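Right, one structure below, let's go through it.
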2 protein chains.
Amino acid sequence: MLKDKKNPQQCQIVVALNMIVGKWKPIILDHLLHGEPLRFNELKKLIPDITQRMLTMHLRELEEHDILTRTVYPQVPPKVEYRITEYGMTLQPMLKTMQQWGANHIEHMKEKDN
Amino acid sequence: MLKDKKNPQQCQIVVALNMIVGKWKPIILDHLLHGEPLRFNELKKLIPDITQRMLTMHLRELEEHDILTRTVYPQVPPKVEYRITEYGMTLQPMLKTMQQWGANHIEHMKEKDN
DNA sequence: AAACATAGTATTAAAAAAGATACTAATGGG
DNA sequence: CCCATTAGTATCTTTTTTAATACTATGTTT
């Protein structure tokens with residue numbers, strides 16, 4: 001993570017960036033943001049190409065940042081549910097802004113190629 | 001770059017993400033967004049820890065995406081100026097949203113630790 | 001008793017990103 | 001002729017991310 005004491009503003013962008021960088025994080029967030037809580041294997045099925053390891057790592061990281069909660073139900077076989085937090089929902093506007101910019105950029109680059 | 005045909009919305013977020021991920025891209029953008037055009041060495045001085053190689057690579061990538069222009073003045077020693085494009089300026093609102101979320105997140109995590 | 005299901009962990013390997021260091025071209029100045 | 005200046009390249013190494021594969025625990029079902 002980039003730290004730049006001379007430039008605290010920049011630093012904040014990087015803080016925000018760190019919530020969503022990681023090969024599978026945007027898609028994990030997407031599934032949890034507009035949906036029910038999901039079990040580990042449900043996420044795995046929704047994101048077929050992710051490995052269990054990557055899924056675990058990304059989920060734990062998001063949990064650490066209070067973006068989602070991990071709830072273990074004491075059953076066998078295990079049941080673990082991942083649920084977006086209230087706080088995690090505050091990512092929504094940022095993601096929407098990015099999504100819009102991205103959509104526009106796709107158009108922009110198409111035009112440029114002509 | 002993540003491609004996910006079943007989920008075009010996600011894809012757009014990743015498109016936007018790709019404009020600003022890269023260890024030094026946010027700070028390069030920051031310097032060019034609210035300032036004069038800058039020469040290669042001026043940027044290098046503003047970002048002392050970056051290597052020439054990384055600076056070149058990031059600048060070329062941003063140029064490819066039409067975020068900035070590279071102008072070579074036929075002089076010796078060479079003078080090359082990097083300038084944000086009109087289009088590049090459209091990143092501003094997105095970056096601002098991120099910066100605000102980041103600032104808030106720093107506070108949020110502080111509170112959580114207490 | 002063996003197989004199954006879920007939610008992982010452990011280990012090793014490959015790929016991608018970043019860093020270190022040395023080198024280049026062209027011209028002006030001493 | 002030699003040095004300085006600017007904006008890079010070229011190579012090679014290190015670090016960081018991601019992938020592949022095999023393994024585990026524990027009750028339930030057959």
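No experiment lies behind these values; they were computed from the predicted model shown. Every chain is numbered from 1, with letters handed out A, B, ... down the list of sequences. Note: hydrogens, waters and symmetry copies are ignored here, and every other heavy atom, side chains too, is used.
The side chain of B/T51 approaches C/dG19 more closely than any other nucleotide in the set C/dG19, D/dA19, D/dT6. Comparing atom distances between the A/R70 side chain and each of D/dG8, C/dG8, C/dA5 picks out C/dG8 as nearest. Considering only the side chain of A/K23, D/dT18 comes nearest among D/dT6, D/dT18, D/dG8. For B/Q52, the listed nucleotide lying nearest its side chain is D/dT9; candidates were C/dA18, D/dT9, C/dA5. Comparing atom distances between the B/W24 side chain and each of D/dG8, C/dA7, C/dG19 picks out C/dG19 as nearest. With C/dG19, D/dA19, D/dG8 as the choices, the nucleotide that has an atom nearest any side-chain atom of B/Y82 turns out to be D/dG8. The side chain of A/P77 sits closest to C/dT6 out of D/dT5, D/dA19, C/dT6.
Within the 4.0 angstrom heavy-atom criterion, no nucleotide atom of any strand lies near A/Y73. Contact annotation for B/K79: backbone-only contact, meaning every heavy-atom pair under 4.0 Å involves sugar-phosphate atoms and none involves a base. Nucleic acid contact class of A/R39 (heavy atoms, under 4.0 Å, all strands): sugar-phosphate only.
Between the NZ atom of A/K25 and the C1' atom of D/dT16 there is a distance of 14 Å, given to the nearest Å. A straight line from CD of B/E42 to P of D/dA7 spans 8 Å, rounded to a whole angstrom. Rounded to an integer number of Å, the gap from CZ of A/R53 to P of C/dA10 is 11 Å. Going from atom CZ of B/F40 over to atom C1' of D/dT5 covers 14 Å, rounded to whole Å. One can place CE of A/M54 at 15 Å from P of D/dT21, the figure rounded to the nearest angstrom. Summarising the geometry, the separation between CG on A/N41 and P on C/dC4 is reported as 16 Å, rounded to the nearest angstrom. Distance CE (B/M57) to P (C/dG19): 11 Å, rounded to an integer number of Å. In this structure, B/L55 atom CG and D/dA7 atom C1' are separated by 10 Å, rounded to whole Å.
By the 6.0 Å contact criterion, CD on A/E36 is open, its count of non-hydrogen atoms from other residues, nucleotides or ligands being 12 or less. Other residues, nucleotides and ligands contribute more than 12 heavy atoms inside 6.0 Å of the CE atom of B/M109. No more than 12 heavy atoms of other residues, nucleotides or ligands lie within 6.0 Å of CD in B/E86, so this atom counts as exposed by the packing criterion.
For the residue pair A/H105 and B/Y87, a side-chain donor N or O sits within less than 3.5 Å of a side-chain acceptor on the partner.
Heavy-atom nearest nucleotides on DNA chain C were determined for A/L59 and for B/V76, and the one closer to the 5' end corresponds to A/L59. Between A/P78 and A/I50, the residue anchored closer to the 5' end of DNA chain D is A/I50, taking for each the nucleotide with the nearest heavy atom.
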| Please walk me through it: do B/K110 and B/E107 pass salt bridge (Lys or Arg N to Asp or Glu O under 4.0 Å)? | CA-CA 5 Å; B/K110 255 188 228 160; B/E107 288 312 303; 3.2 Å; yes
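Between the CD1 atom in B/I50 and the CE atom in B/M57 there is a gap of 10.5 Å [rounded to 0.5 Å].
Considering only side-chain N and O atoms, B/R60 lies under 4.0 angstrom from the phosphate OP1 or OP2 of D/dT9.
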